[in-house]
Amino acid sequence: MIEFRNVSKQYQGSVRALSDVSLSIGKGEFVFIVGPSGAGKSTLLRMVYRAETPTAGDVFVDGRNVAALHHTQIPYLRRNIGVVFQDFKLLPRKTVFENVAFALEVTGARPSDTRRRVTAVLDLVDLRARAKAYPNELSGGEQQRTCLARAMVNSPRILLADEPTGNLDPETGSTLMQALHDISLLGTTVVVATHAHSIVDTFRTRVVRVEKGFLVRDDALGTYWGPRGFNPLHDGMGDQ
Ligand code: ADP
């Protein structure tokens, strides 16, 4: 579903954000991308929906070379990819239902279809009872789950989440991560960049680690720190 072949990225006037990364992620997989701040995790995710393009190498989504897409094909690519970020923004004057429905309305969905799909996705993230609430009436976890519902309502084939639990307390973060994991069981490919090591360790799923732009570990049933565990001498206390 997602394939990186020898991908490097050099931002103008900056260090190399990614160096020769090769990675293949199948349909319905749930993958954590971990590594310290500045390692290249966001850059990696942003390449999947062509917010960035590689300086060298190729990124394929569903067998298509993303950098080679004509600009008229990019909206189609993005319609198949849901994105959730830490600094989520909901429209403050719209209810939970309306915020999620808005993502469908912009694609021209029929109102009856919209109602059915929004209700289904709010059920999935356990927010149906809060459908009429406004963002300022929601907890942080509820806001983030609304964002997740919004990212999923188009039934994307891929869901990318960048530090989705960054602003949440550990318990709410765990619940959100569980919701993301449940989504992958329905066939959506889910890739999550995170620092939340205690959550990563409870899942025992595939963990890909990047450091200074290099892919340094790719474990099928991984943990945040890998088999050798956390080593402060090697990792440095600033490493997260
Ligand atoms: P992470 O998500 O792991 O924190 P990023 O992908 O955001 O890492 O950043 C990787 C490196 O690329 C960092 O050194 C960062 O400063 C640099 N970088 C990220 N975005 C840009 C940009 N738009 N322009 C220049 N440098 C960038």
Side-chain angles (χ1 to χ4, degrees), residues 2-25 29-61 66-67 69 71 74 77-78 81-89 140 144 147-148 151 156 158-168 170 173 176-177 180 189-201 203 205-219 222-226 228 230-232 234-240:
I2 300 173
E3 195 177 349
F4 281 62
R5 278 193 210 152
N6 306 102
V7 172
S8 296
K9 174 69 182 181
Q10 171 108 43
Y11 289 107
Q12 228 163 16
S14 176
V15 291
R16 258 189 171 196
L18 288 179
S19 291
D20 201 24
V21 169
S22 293
L23 176 66
S24 184
I25 299 175
E29 264 200 84
F30 181 89
V31 183
F32 284 121
I33 310 286
V34 306
S37 195
K41 304 183 295 298
S42 303
T43 301
L44 197 149
L45 292 186
R46 288 166 61 78
M47 285 188 175
V48 178
Y49 61 104
R50 210 172 108 168
E52 301 291 350
T53 47
T55 340
D58 294 303
V59 177
F60 295 87
V61 171
V66 173
L69 291 179
H71 70 90
I74 295 174
L77 171 80
R78 292 189 181 157
I81 301 176
V83 180
V84 185
F85 290 110
Q86 175 182 340
D87 52 348
F88 47 90
K89 287 210 171 46
Q144 190 60 310
C147 292
L148 181 54
I158 297 171
L159 191 63
L160 306 173
D162 197 352
E163 298 288 353
T165 63
N167 290 325
L168 305 177
L176 182 89
M177 215 64 103
L180 283 161
T189 304
V190 180
V191 187
V192 183
T194 185
H195 274 133
H197 37 92
S198 53
I199 299 181
V200 169
D201 289 352
F203 277 83
T205 183
R206 183 170 172 194
V207 178
V208 172
R209 184 167 173 89
V210 285
E211 283 176 16
K212 297 181 177 151
F214 290 92
L215 193 160
V216 295
R217 186 152 55 75
D218 185 351
D219 295 335
T223 57
Y224 191 92
W225 297 111
R228 67 191 161 83
F230 175 57
N231 177 349
H234 179 278
D235 296 302
M237 294 309 286
D239 187 67
Q240 294 176 344

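Predicted model, so just to flag it, every value in this text is computed and none were measured. Just so you know, ligand 1 is whichever comes first in the structure, and atom 1 is the first atom listed for that ligand.
Between Phe32 and Phe203, the angle of the ring planes goes over 60°, which puts this pair in the perpendicular group of the 30/60° scheme.
The shortest N or O to N or O distance between Lys41 and ligand 1 is below 3.5 Å. Where the criterion is an N or O separation shorter than 3.5 Å, residue side chain and backbone included, Ala39 meets it with respect to ligand 1.
There is no protein heavy atom less than 4.0 angstrom from atom 15 (C) of ligand 1.
Closest approach of Gly173 to Thr165, counting heavy atoms only: O-CG2, 3.4 Å. When all heavy atoms of Gly82 and Pro156 are compared, the closest pair comes out as N-CB, 3.4 Å.
Looking only at protein heavy atoms, the nearest one to atom 25 (C) of ligand 1 is Tyr11 CB, 3.3 Å. For atom 4 (O) of ligand 1, the closest heavy atom belonging to the protein is Gly38 N, 2.7 Å. At the shortest separation from atom 6 (O) of ligand 1 among protein heavy atoms lies Thr43 OG1, 2.5 Å.
When Ser42, Ser37, Gly13 are ranked by how near their heavy atoms come to atom 2 (O) of ligand 1, first place goes to Ser42. For atom 8 (O) of ligand 1, the choice among Ala193, Ala51, Gly40, Ala17 with the nearest heavy atom turns out to be Gly40.
Side-chain contact between Arg206 and Phe30 is absent, with no heavy-atom pair separated by less than 4.5 Å. Taking 4.5 Å as the limit, every side-chain heavy atom of Ile33 sits out of range of all side-chain heavy atoms of Val192.
Counting heavy atoms closer than 4.0 Å to ligand 1, residue Pro36 contributes backbone atoms (N, CA, C, O) but none from C-beta onward.
Numbered from 1 in the order shown, with element, the atoms of ligand 1 that lie under 4.0 Å from a heavy atom of Val15 read 14 (O).
Checked by atom type and distance alone, the side chain of Glu3 never pairs as donor or acceptor with a backbone atom of Val61 at under 3.5 Å.
A salt bridge links Glu211 with Arg209: at least one charged nitrogen is closer than 4.0 Å to a carboxylate oxygen.
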